[in-house]
S.K.: 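Below is one structure. I have some questions about it.
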Amino acid sequence: MSYAEYLAAIGPEIALTIAALLVMSIDALWPRSVRAIPWIGIAGLLVTLAMLPMFRAERVAFSGLLVIDPLAVLFKVIALISVILVALLSISHRPLRGFHEGEYHTLLLFFAVGLMFLVGAAHLLMIYLALEMVSLAAYLLTGHLKLDPRSSEAALKYYLFGALCSGLFLYGASILFGLTGTLHLDGIAEAVRASGLSAALLAALVLMLIGLGFKIAMVPFHLWAPDAYEGAPTPITALLSVASKAGGFAVLLRVLAVAFPLEALDWQPMLWVLCVVTMSLGNVIAVRQGNIKRLLAYSSIAQAGYVLVGVVLMRQTPAGLPSAMIYLIAYLFMNIGAFAVVIVVSNALGSDKIEDYRGLARRAPLASASLAVFLVSLTGIPPLAGFIGKFYLFAATIDAHAYWLAVIMGVNSVVAAFYYFRVVRAMYLDAGKSEEPIGTARPLQVAVGVTLLGTFVIGVWPQPFLLFAAALPLGF
Amino acid sequence: MIPLAPFLVVSAALVAIGVFGALTRRSALGILMSIELIINAAALNLVAFSQHIRTSDAESTAGQMFALFAMAIAAAAAAVGLSIVICIYRNSKTVNVDKIDLMRW
Amino acid sequence: MDFLPALIPVLPLLAFAVIITNGRRLGWSACLVAVGASLTSAVLAALVYSRVLLSHETLAWSFEWVRWGETALRMGVRIDGLGALMLFMVTVVGTLIEIYAIGYMAGDKTFSRFFAFVSLFMAGMLGLVVADNLLLLFVSWEIMGLCSYFLIGFYFHRPSAAAAGIKAFITTRIGDVGLLIGMILLWWTAGTLRFDELLLAVPALAGLGDAHVDLMLTAAALLIFVGTIGKSAQFPLHVWLPDAMEGPTPVSALIHAATMVAAGVFLVARSFILFAQFPAALTVVAWVGGFTALFAALIALTQNDIKRVLAYSTLSQLGYMVMALGLGAYAAGMFHLITHAFFKALLFMGAGAVIHGFHHVQDMRRMGGLWGKMPWTAWTFLVATLAISGIPPLSGFWSKDEILLGAFHESPVLWVAGTFTAFLTAFYMFRLFFMTFTGRQRDGEIHAHESPAVMILPLVVLAVGAALLGIPGSPWMGLWVQHSLDVPAYALAHHHHSNLVMGLSIAVAVAGIALAWLMYAPRPTIQPARVARAMGRLYTLSLNKFHIDEIYAALIINPTRALARGSFRFDLGLIDGAVNGMGWLQRALASLKGLFDKWVVDGIVNLLATIVQALSAVFGLIQTGRVHNYLLLASLGALVIACLTWWNMG
Amino acid sequence: MTEPASLLAWIAFVCLVAVTVGSAVLVVTLRNLFHAVLALIASLLGVAGLYLMLLAEFVAAIHVLIYVGAVATLFLFVIMLTVRIDDAALRQSNRQVIPAIALCGAGLALLLAALLAAPWTPVEEIRPPGVQQIGHDMLTTYLLPFEVVSLLLLVALVGAVTLARREDQRT
């Protein structure tokens, strides 16, 4: 492979790495330029995003370690958009102001680089490496507010849980290597097909599932999530709940779809149960939360459960994978949007308690209306993005004759309405203590605007997103 | 030459001991050390497989390479973990994880 | 020109957008925007109605919305006779209610917000009526659900209002989920969601005789009916409607008459082809409707809150409509929907005028003698009361009579129940009327006054409608309205006229009024209290709404609590030592008990809430905040997953 | 098939295993964290010995360099920074010991059952790749991970320095 080919394969990643290094050196050399740093990072991310269409031709690069296929491109787009939005949120998040912003944005960009490698990795070594890169950056970002005990505690819990899970993932990967003699996912599939089911294969799958389940906060590997989400700086909470989770889903999809053929190991029943437990537990526990970040943490566990519905059904219906993708895209906009409003409120009130949201509609009408839209969308009510996502997931369950899954999802979406509307009620139907208006910083306005637009457009005219998601062939 | 199976037994034992440590140590540092044991077990597995399992010529070094990378990554992860532990210590003057529960339910 | 009907829902939607974004600037004139939009819609609707009536054609216009592999989803509007009549009714009644609200809401701080949401509500309802496919119908349906949440909880400083808003939203949401699943089931079985295509596809599929397909379609029909049960407040999801009167009275009128509850009935009518093919589904519909009609009428007998009586009467009348559809008397059911919209809107607005003039007192036991003080209100109210009681030639008589006629031919049991309900209806409505308007005022403290002209005018218009609207649907005019509905061939044919049915229904109405006169006239012959004593337990049953809420508590909540406590202990032993445990146990039990006291007051939603909250309290305990517990649970989880999977594979 | 191992090799193997596993047990049970790190070093050296027995000299060398040279030293520093001397006598394990023993025991048993029954496809003869081969592959086949791991180390460096630095040192 020539260097030109290398460049053609990982051009966007290289560009983003350069941006990250640039941010790092500018911070080190000209400490005064700190106001410009986030914008340099965002510019780098935007350039990378703009480069993606030129680098989407399907290919296998670096001796099969990395692939560029529709799945990878799709997830790269999701990852970049969410990191851009998170960078916007970070600019105006009060506790982050002037607190090692250079390092913060450097880590954020490297997180994005890791994510881009992660979604294209088709080789166990590469997967592990990218997974660790993403995780390490995430641990560090979670604990970035080192003077805040909650931030440190969140980082510690996240780190310890993550380190154990990734250690077990590595051990599982080593068993898989022993069984198949190769680290390439497609080679693994061939060998597994030839040798068939064995207890060791199952052990490898379960061990690897621990690592991936941790990334997407799937029950029972979700336990870190509520604490980490609550303690992390709010933009990072958004990052963990969207970008990091999307990366986890990309690997999960690739590992399950490529490396574990169903005829050798039928993982569907197992994932079915996990999916049901994940959505139900997340929704049920969310009902009692009094902190909005924690509420959104449990809600995002439940949302991961919904996405898993598409993953479970991906071999039974051609609608499975695309419906999971659509849901993920919708989730990106509505969830980051919700966190943007949470930041608006916490900047003004210094609180994330739902009781402090009382009467918010009078103090910040636009922010409240936006949050209401995002929550209504998360509930799955038309004509918003969340409804389209749920609609296609329901369609996939019906197509796959998975009626129980449809019913359980239905019950869950009723339960979810409870807690989302508790927040709406606090904002609109409860009287607040103060009437003082709350302002919104410009970058947050942009972020809220973009996410609102996304939430509405997907809801009203989903066609382009459907095409985007339907680019996924079944057996990629 | 020692066959494959004894190595697998050793690495499985190391994993079990490591998980046990992670579950029972009160100190975050103790948990970190236990996790190092697990990563070592995986690396040992990889090297053992690399020598004993039939692979294609192109992948004759795959297992060893994975083990080497895993070590580098583990070192980086340990550095990150220890810096987080230092932060925790500065904030709450303890590294015992059962004392660290500001956030729950 | 073809897309003209699409403008009808878009105009109120625009009004919503304009008012919500410029609320402060518009101030009082917000109502002009809202009324202007719906008045224009009404004019358009009248145009559409005349065109559909004259040509008997179906107006349709659509465009491709999304394409999903092979299947494309089209969005558009389709207006047949049924849709045109509904459009006409919704826009006219809606506009009148909005005009009335100008007077009723005057001086309210949230005046403009009120009109914004009412406009959106109208947009939702109109969108639902013009929709040419189930998906668009569902979208409008949900928009209406959201608006009901905001409007019922509009007086947010009253906790009961906020609670009622949530209750309405969550309860109807249960139905919505059923509808959504049913809709997708239908889509996957029949391959389309468009009504005109379903008209062809469903009979073709039913003709196959494939048991699986039949099962799927029956399930789809029943799930769609679950949506109706939620939205049209049929038993057992009826609990939200009586509470929905917590909203401002114009909202009650809107919800009870022209919009929300009518949507559920309309849904069954729209997807009637599905029900018509599967008699099992139809039977369920009929019995649910019949039961709701009787059950709600029994409760209405003893209520003392003026709006509550009306709320239960709505439930009962909705039961009639649903029963009619279930009996195949499609045209009769829809006719009753239209007439009911007029007289029920009139009743609610009359009650609102009473409440408005009576300084926001709603207890009928404090009223009386308002006849002299509010003549306009009293006269129009009398017209509506006569109409709902089924006195010819007012509108309610003709539509109700036709439903009973259908029942007479199809199911004698339901006919008897329906006739008895008609008797009860006449009785409790005149009980209300006599207690409010005749005799002397029982609470002398309050100085009642007549409402302003802007509130009286809509009352008069509606009274004219409630009085005369039945005529075009009467046998005198050859059931003209019913024929204009373009009743599809698959709906059952009209029944032969029966003098017995008609005579009996007049007789029971008169008997009901007479009994009410005897008991509640200025000088009663029969003392109501003695009747109550004589009826004993029956009276208390009705007063306590048949203890439905308590039954829910005994059957479901208590066992759940016990279960929760049991599983809680189990969890505890698992995670940590007993020392920490006792603390948790006490805290969790205390919170459970608190929740129990707080939530087990009434209703299925509170029940659901209680269960979910209890589960939440129990499962929330997993999150101990200690990372070593997390690690243990996760490892245990992994082991369990591995074992179960291995065991599952044998 | 591989040639039968000589008795000497077995003796060496058993000794190494005893050191490795024995020290590992000490790592997770010793009360004094300082001692635990020493046990960790012993265990790691044992693993290095096992690498040698597997004829993977390069891996063994790197292992010793990275783990004993860097990681263990880092642990020692942090322990000295964070653990006070009077902590040494404190109980170092929490109340989960019994469930943890049960869980790990069951897990180990299942894992061993699975691993020993697995259909491995052994080589006829061990031909370990030399250091040259490893070096060559690292800069050809594994060029991408080689570059990415450098980024990962950079991330760890930047982040760890930011986190561990005292706040008052930056003005």
S.K.: Check whether D/Ala113 gets within reach of chain A through its side chain, its backbone, both or neither, counting any heavy atom under 4.5 Å.
M.R.: neither
S.K.: Sequence neighbours left out, what passes salt bridge (Lys or Arg N to Asp or Glu O under 4.0 Å) with A/Arg193? Give chain and number order.
M.R.: A/Glu263
S.K.: Going from CD on A/Glu103 to CZ on D/Arg165, what distance comes out if it is rounded to the nearest 0.5 angstrom?
M.R.: 5.5 Å
S.K.: Which heavy atom of A/Lys146 sits nearest a heavy atom of D/Leu163, and at what distance?
M.R.: CD-O, 3.4 Å
S.K.: Against chain D, label A/Phe99 side chain, backbone, both or neither, depending on which of its atoms sit under 4.5 Å from a heavy atom there.
M.R.: side chain
S.K.: Is A/His123 close to chain D through its backbone or its side chain, or both, or neither, when contacts mean heavy atoms under 4.5 Å?
M.R.: side chain
S.K.: Count the heavy atoms of every other residue, nucleotide or ligand shown that sit under 6.0 Å from CZ of D/Phe146, and state whether that count exceeds 12.
M.R.: no
S.K.: By a 4.5 Å heavy-atom criterion (distance strictly below it), what part of A/Ala203 contacts chain D: side chain, backbone, both, or neither?
M.R.: side chain
S.K.: When you look at CD1 of D/Ile98, are more than 12 heavy atoms from neighbouring residues, nucleotides or ligands closer to it than 6.0 Å?
M.R.: no
S.K.: Please round to the nearest 0.5 Å and tell me the distance separating atom OH of D/Tyr142 and atom CG of A/Leu129.
M.R.: 12.5 Å
S.K.: Can you establish whether the number of heavy atoms outside D/Gln133 located under 6.0 Å from its atom CD is more than 12?
M.R.: yes
S.K.: Could you report the tightest heavy-atom contact between D/Gly159 and A/Leu107, atom names first, then the distance?
M.R.: CA-CD1, 4.2 Å
S.K.: Against chain A, label D/Leu154 side chain, backbone, both or neither, depending on which of its atoms sit under 4.5 Å from a heavy atom there.
M.R.: side chain
S.K.: Would the number of heavy atoms belonging to other residues, nucleotides or ligands and lying under 6.0 Å from CD1 of D/Ile11 be above 12?
M.R.: yes
S.K.: Select one option (side chain, backbone, both, neither) describing which atoms of A/Leu65 are under 4.5 Å from chain D's heavy atoms.
M.R.: side chain
S.K.: Quick check for you: among A/Leu140, A/Thr17, A/Leu66, A/Leu136, which has the greatest number of heavy-atom pairs under 4.5 Å with chain D?
M.R.: A/Leu140
S.K.: Could you tell me which portion of D/Leu143 (side chain, backbone, both or neither) has an atom closer than 4.5 angstrom to a non-hydrogen atom of chain A?
M.R.: side chain
S.K.: With side-chain hydrogen bond (donor to acceptor under 3.5 Å, both in side chains) as the rule and sequence neighbours excluded, what pairs involving residues 159-168 of chain A come up?
M.R.: A/Glu132-A/Ser166
S.K.: In terms of heavy-atom pairs under 4.5 Å with chain D, which of A/Ile10, A/Thr106, A/Ile175 leads?
M.R.: A/Ile175
S.K.: Going by heavy atoms in the side chains, are D/Val158 and A/Phe110 under 4.5 Å from each other?
M.R.: no
S.K.: So what's closer than 4.5 Å to chain D heavy atoms on A/Tyr171: side chain, backbone, both or neither?
M.R.: side chain
S.K.: What residue among D/Val148, D/Leu151, D/Leu152 forms side-chain contact (heavy atoms from CB on, under 4.5 Å) with A/Val113?
M.R.: D/Leu151
S.K.: Taking side chain as everything from C-beta outward and backbone as N, CA, C, O, which of these in D/Leu111 sits under 4.5 Å from a heavy atom of chain A? Side chain, backbone, both or neither.
M.R.: side chain
